[in-house]
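Scroll down for the structure; my scribbles are underneath it.
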Amino acid sequence: MSKIRVLPEQLANRIAAGEVVERPASVVKELIENSLDAGATRIEIEIEGAGTRLIRVIDNGEGMVEDDVLLCLERHGTSKITEDHDLEAISSLGFRGEAIPSISSVSRMTITSRHQQQDLGTTAILNYGKLFKIHESGCSRGTIIEIRNLFGNTPARKKFLRTKRTEIGHIDEIVKNYALAAPEVSFLLRVDDRQTLLLDSDQNLAQRLAGILHYSGDFITIGTGSKKMLPRLSGFLIPPDAQIKGSSRIKLLVNGRSVKDRMLSHGVAEGLRGFLMKGRNPAGLLHLHIDPAEVDVNVHPTKQEVRFRQSRDVHQLIVQSIQEAMQGFQLTLRSSFFKPKEETAVARPVPALPAKPVKPYTPHQVTMAEPVPVQSTPPAQPVKLKEKPEETATPQPIFTTEQQQGHGLKVVGQFNNLYIFCQSSDGLIVIDQHAAHERLLFEKLKKQFLQGNISSQNLMFPETVELSLADSAKVEQHADSLEKMGFAVRDFGDNSYVISAVPALGSHFSPSDLFLDVLEQFGSRQSKNTSGSMQEDILASMACKSAVKAGDSLSTEEIEALLNNMARADLFSHCPHGRPVLKQFSDADIKKWFHRT
């Protein structure tokens, strides 16, 4: 007797239910997708007992005639696709025709539906996948699906459900995600006869998102191109430093479908590199609009994962769109914080730290002192792993500015030799001097690195370092990057290397310590990040070490130069590691502290 048998349809449906119907939220997701595909403009969801006692979804979509009600109960009965090639360009949310029979196989289901052009509707009653009764009924146009006693015939699966609060939380998340995907549709959620969510279609998308995230500030808008252009990215981000309730994360949509995709999430993180502190997550909504033929949504039972034909291009689109939005955000901040004076000020180089003790600040335009001359001789023939034309080392003053408009702030003074207090027309601005200088130096280093001309400082007495075999391999592997970063080294035999030049910004550090620190970072980041992000991390570390520190007393001229540099920088609001550089306190904020409102 053969051991292999064709499973009965009822059993096959229950196996499918184990894939599609993972928990009550899975049922809500499938039913909402069907309602949206039916063109509904209002969807009501009612939940009892965390969804295991009752899930009822009511919509005003086009509805179904009796034949369609019967056909939708059949496995793979669907109106979304008809031929093989339809799978290559899916534009609907549902398409497999598995959801209804799979859900009905693990519940008691009632479907009541009336087509928009029919005078009467149809009601079908099923008990765990078996049709019990079907008849005509008087009902509103649209569809009502009731799911009772979910997993009643699969108690083992029911035992794996979480607490009521957790399951309701998953349902709430599903409803909110699709409410953001379809802002033209009204959504209502009731839990145990209590209304917990109402999102009306008269709200625009930004208002709906703000309500869902409990956020009352301004968004960073993503995407301004033509809606006809594909692919494109649209949406809204909450500014990196904004305080929001809960642990909101970025919500991702692809052609109106809520998805979880590592590649998209990585693109978001790359686009926000240098703006988010470690441990903080981006928050907001991103919607990728793409030709359906360029994305495969048929790769996961719950359709929450997708695959792109040109994933690298999509990733780059995400990164570039967010970077452009953040650059626009910087312009907005710059116009808010810095209001340049009408006169033009010429700022000259400032002496390197440590500076003279700070003098009491007087609020008037200061003329910056000439820098102390720095002797710089043309470097001798550098000894490197890879030869390149000779370069002349240039002085690296702490702050330099070119001819520009003033920053428009009134400097109050320096607090704890770390924070600079300034008065603006809108209130009080507090600046972290280290974070501010670190960002400026990082952008300068990054630009020089990309151009291949980070300034080097020749050592009067070259240093010899002994390296391990692993570090020696790093030197050989990253020779080009080390050279572009301003190091000149040569193999001295037996894992010994001679350092004859270092980056000019780090010339006040021990050459061997600086070199070994860079080598260590090459090893620690290589396996985790791309080559470009690894190099940026190293440049950020160099900038951090070279920037003014907490405890450094700055002269009035140095403070002025730092502010002027910030006022003309393309990026200034965060250090390369994501820490905020400055914070503004409005007059209203300060009055509120002292109960003067």
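Residue numbers start at 1 and run along the sequence shown.
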A side-chain contact here means heavy atoms from C-beta on lying under 4.5 Å apart; do Asp471 and Asn495 qualify?
no
Given 3.5 Å as the limit, does a donor-acceptor pair link the side chain of Asn416 with the main chain of Leu418, or not?
no
Where at least one partner belongs to residues 205-216, residue pairs that pass salt bridge (charged side-chain N to carboxylate O under 4.0 Å, His left out), sequence neighbours excluded
none
For the pair Glu173 and Arg249, find out whether any cationic side-chain nitrogen is under 4.0 Å from an anionic carboxylate oxygen.
no
Just by modelled atom types, is the Ser573 backbone N or O under 3.5 Å from a matching donor or acceptor in the Gln330 side chain?
yes
State, yes or no, whether a side-chain contact exists between His437 and Cys575 at a heavy-atom distance under 4.5 Å.
no
Between Phe572 and Phe337, what is the ring plane arrangement, given parallel below 30°, perpendicular above 60°, and tilted in between?
perpendicular
Just by distance, do the side chain of Asp296 and the backbone of Phe308 share a donor-acceptor pair under 3.5 Å?
no
I need the Leu317 CG to Asp313 CG distance, nearest 0.5 Å.
9.0 Å
Would you say that Leu288 contacts Asn255 through its side chain, given a criterion of any heavy-atom pair below 4.5 Å between the two side chains?
no
Report the distance from atom CD1 of Ile429 to atom NZ of Lys410, rounding to the nearest 0.5 Å.
14.0 Å
Residues Pro580 and Ala435: closest non-hydrogen pair is O-CB, 4.2 Å
Rounded to the nearest 0.5 Å, what separation is found between the NE2 atom of His287 and the CG atom of Leu180?
10.5 Å
Just jot down the side chain to side chain contact (heavy atoms under 4.5 Å, CB included) partners of Arg262, sequence neighbours excluded, or say none.
none
List the steps, then state whether side chain to side chain contact (heavy atoms under 4.5 Å, CB included) holds for Asn281 with Ile250.
CA-CA 8 Å; Asn281 299 308; Ile250 196 74; over 6 Å; no
Shortest non-hydrogen contact from Gly256 toward Ala181:
O-CB, 3.3 Å
Taking all atoms of both residues into account, what is the closest heavy-atom pair of Cys544 and His577, and its distance?
CB-CE1, 4.2 Å
In short, salt bridge (charged side-chain N to carboxylate O under 4.0 Å, His left out) pairs touching residues 422-437 with sequence neighbours left out are Lys339-Asp426, Asp432-Arg579
Is any side-chain heavy atom of Phe487 closer than 4.5 Å to one of Ser481?
no
Examine distances only and state if a side-chain atom of Gln457 and a backbone atom of Leu505 form a donor-acceptor pair shorter than 3.5 Å.
no
Between Phe219 and Phe236, what is the ring plane arrangement, given parallel below 30°, perpendicular above 60°, and tilted in between?
tilted
After noting the C-alpha distance and the side-chain angles of Val581 and Met566, does the key distance pass the side chain to side chain contact (heavy atoms under 4.5 Å, CB included) rule?
CA-CA 10 Å; Val581 163; Met566 292 174 63; 3.8 Å; yes
Strictly below 4.0 Å, N to O, side chains only: are Asp537 and Arg273 in salt-bridge contact?
yes
Any donor-acceptor N/O pair, Glu324 side chain to Ser321 backbone, under 3.5 Å
no
Look up atom CZ in Phe515 and atom CG in Leu467, then write down how far apart they are to the nearest 0.5 Å.
6.0 Å
Does some side-chain heavy atom of Leu445 sit less than 4.5 Å from a side-chain heavy atom of Met542?
yes
Could you tell me whether the side chain of Ile538 reaches within less than 4.5 Å of the side chain of Met485, counting heavy atoms only?
yes
Intermediate values then yes/no, side chain to side chain contact (heavy atoms under 4.5 Å, CB included), Leu252 and Ser265
CA-CA 8 Å; Leu252 300 174; Ser265 298; 3.6 Å; yes
Is there a donor-acceptor pair under 3.5 Å between the side chain of Asn204 and the backbone N or O of Gln207?
yes
Side-chain (Ser336) to main-chain (Thr332) donor-acceptor, under 3.5 angstrom:
no
Pairwise side-chain contact, Ile290 with Leu230, heavy-atom cut-off 4.5 Å (strictly under)
no
4.5 Å side-chain heavy-atom contact, Val259 and Leu264:
yes
On the six-membered ring of Phe449, is Lys484 placed so that its NZ or CZ lies under 6.0 angstrom from the centre and within 45° of the ring axis?
yes
I'd like to know whether Asp587 forms a salt bridge (charged side-chain N to carboxylate O under 4.0 Å, His left out) with Lys591, so could you lay out the CA-CA distance, the side-chain angles of the two residues, the decisive distance to 0.1 Å, and finally the verdict.
CA-CA 6 Å; Asp587 289 340; Lys591 289 179 179 178; over 6 Å; no
Looking only at heavy atoms, what is the nearest atom pair of Ala569 and Leu440, with distance?
CB-CD2, 3.7 Å
Would you find a donor on one side and an acceptor on the other, under 3.5 Å apart, between the side chain of Ser496 and the backbone of Phe492?
no
As an exercise, state the distance from CE of Met263 to OG of Ser311, rounded to the nearest 0.5 Å.
5.5 Å
Ion pair Lys446/Glu443, N-O distance below 4.0 Å
no
Pair Arg307, Val295 - check side chain to side chain contact (heavy atoms under 4.5 Å, CB included), show working.
CA-CA 6 Å; Arg307 182 181 296 127; Val295 56; over 6 Å; no
CD1 of Ile220 to CG of Leu272: how many Å apart, nearest 0.5 Å?
7.5 Å
Take Lys549 and Asp552 through the salt bridge (charged side-chain N to carboxylate O under 4.0 Å, His left out) test and state the conclusion after the steps.
CA-CA 6 Å; Lys549 302 295 189 294; Asp552 288 340; 6.0 Å; no
Compare every heavy atom of Gln433 with every heavy atom of Ile420, then report the nearest pair and how far apart it is.
CD1-CB, 4.1 Å
Donor-acceptor pair, distance only, cut-off 3.5 Å: does the side chain of His574 make one with the backbone of Gly274?
no
Measure from the ring center of Phe338 to the ring center of His407 and say whether it is less than 6.0 Å.
no
To check you understand the geometry: which heavy-atom pair defines the closest contact between Ala540 and Pro576, and what is its length?
CB-CB, 3.6 Å
Keeping the roles fixed (side chain from Asp517, backbone from Leu514), state whether a donor-acceptor pair exists under 3.5 Å.
no
